[in-house]
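Quick caveat: nothing in here was measured; it's all calculated off a predicted structure.
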Amino acid sequence: MTQKQTHHVPGISDGLKKADVPLSVVVQANGMLYLSGMPPLDPSSGKILTGLDISEQTRACLEAIRHALTSAGSSMDKVVSIRVYCTDPAQFGKVNEVYRQYFTDAHPARTFIPVCSWGMGFDIELECVALP
């Protein structure tokens, strides 16, 4: 049986608990970290940021991921794979401009998936798997 451990992510975990959202931000199992999808969040409060363009949203998602990884004892350079869910595939280039600033060498495996709108004021969400 696989043992799993959840990691508390200050601000984000607290915001989810307040909103009664039934998920763990980071789960560690089989020597890997699995991060739930991160929309553009304020890492200190866990609140969704709205009214941002796609570049700002992408940056906010990646900052939330960085915060979650750091809270779990990991870092961006240990990301193995990442999935990008975006409501507009035409934004691919703008997403890549920001993404390149966070993953400069040894890029993680990645999938870019067009999705319908969440109806919550954001257009992108990222999830990843990383080494601890």
Side-chain angles (χ1 to χ4, degrees):
M1 180 171 182
T2 301
Q3 298 235 341
K4 71 177 186 176
Q5 171 188 358
T6 60
H7 291 270
H8 178 79
V9 179
I12 297 174
S13 293
D14 302 323
L16 288 168
K17 186 175 181 177
K18 274 185 192 175
D20 197 28
V21 178
L23 66 81
S24 296
V25 178
V26 180
V27 175
Q28 185 168 350
N30 290 332
M32 301 297 286
L33 296 173
Y34 300 87
L35 274 67
S36 290
M38 297 283 185
L41 295 173
D42 172 7
S44 63
S45 69
K47 292 187 179 180
I48 293 174
L49 301 171
T50 58
L52 306 176
D53 68 26
I54 195 66
S55 296
E56 295 166 322
Q57 289 182 54
T58 303
R59 186 172 318 287
C61 292
L62 289 163
E63 286 299 325
I65 286 173
R66 182 193 315 262
H67 177 64
L69 289 169
T70 300
S71 297
S74 187
S75 60
M76 296 295 274
D77 64 328
K78 293 183 178 181
V79 174
V80 174
S81 69
I82 192 161
R83 288 185 188 94
V84 178
Y85 302 94
C86 187
T87 60
D88 183 0
Q91 300 299 328
F92 186 77
K94 290 180 180 179
V95 170
N96 276 339
E97 285 177 19
V98 175
Y99 185 90
R100 280 188 185 98
Q101 297 168 17
Y102 288 81
F103 300 106
T104 56
D105 294 319
H107 303 293
R110 186 180 84 173
T111 304
F112 189 98
I113 306 161
V115 296
C116 293
S117 173
W118 287 270
M120 298 173 73
F122 63 89
D123 301 301
I124 190 167
E125 181 174 77
L126 286 81
E127 69 176 5
C128 71
V129 177
L131 298 167

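- Between Q5 and V27 there is no side-chain heavy-atom pair separated by less than 4.5 Å.
- Note that OG of S71 is 11.0 Å distant from CG of L33, once rounded to the nearest 0.5 Å.
- Placement of V21 and L49 in two distinct hydrophobic clusters is found when ILVMFWY residues are connected by side-chain heavy-atom separations under 4.5 Å, directly or transitively.
- Separating the CD1 atom in I12 from the CG atom in D14 is a distance of 9.5 Å, to the nearest 0.5 Å.
- Among the candidates T70, L69, I82, the single residue satisfying the side-chain contact (heavy atoms from CB on, under 4.5 Å) test with M76 is L69.
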Can you give each donor-acceptor pair under 3.5 Å made by side-chain atoms of residues 95-106, sequence neighbours left out, with the distance rounded to 0.1 Å?
| from | atom 1 | to | atom 2 | distance (Å) |
| --- | --- | --- | --- | --- |
| N96 | OD1 | R110 | NH1 | 2.7 |
| N96 | OD1 | R110 | NH2 | 2.8 |
| Q101 | OE1 | R59 | NH1 | 2.8 |
| Q101 | OE1 | R59 | NH2 | 3.4 |
| Y102 | OH | E63 | OE2 | 2.6 |

Test side-chain contact (heavy atoms from CB on, under 4.5 Å) applied to I54 and C86, step by step: CA-CA 9 Å; I54 195 66; C86 187; 4.1 Å; yes

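- Both I113 and V79 are part of a single hydrophobic cluster, where members link through side-chain heavy atoms under 4.5 Å apart.
- What you find for P40 and C61 is that their closest heavy atoms are N-SG, 3.4 Å.
- In this structure, the side chain of S36 engages the main chain of S24 through a donor-acceptor pair within 3.5 Å.
- Qualifying ring pair (Phe, Tyr, Trp, His ring centres under 6.0 Å) partners for Y34, counting only residues two or more places apart in sequence or in other chains: none.
- Note that CE of M38 and CG of L62 are 10.5 Å apart. Values are rounded to the nearest 0.5 Å.
- In this structure, D53 contributes its side chain and S55 its backbone to a donor-acceptor pair below 3.5 Å.
- Counting non-hydrogen atoms of other residues, nucleotides and ligands closer than 6.0 Å to NZ of K94 gives a total of 12 or fewer.
- Taking the side chain as every heavy atom from C-beta outward, H67 and P10 approach each other to under 4.5 Å.
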Cut-off 3.5 Å, no hydrogens considered: what does the side-chain donor-acceptor table look like for residues 115-127, sequence neighbours left out?
| from | atom 1 | to | atom 2 | distance (Å) |
| --- | --- | --- | --- | --- |
| S117 | OG | G119 | N | 3.0 |
| D123 | OD1 | T87 | OG1 | 3.3 |
| D123 | OD2 | Q57 | NE2 | 3.1 |
| E127 | OE2 | R83 | NH1 | 3.0 |
| E127 | OE2 | Y85 | OH | 2.8 |

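- The backbone N or O of A109 sits nowhere less than 3.5 Å from a side-chain atom of S81 that would complete a donor-acceptor pair.
- Of the residues listed (L35, L41, V25, L16), the one engaging V9 in a side-chain contact (heavy atoms from CB on, under 4.5 Å) is V25, and it is the only one.
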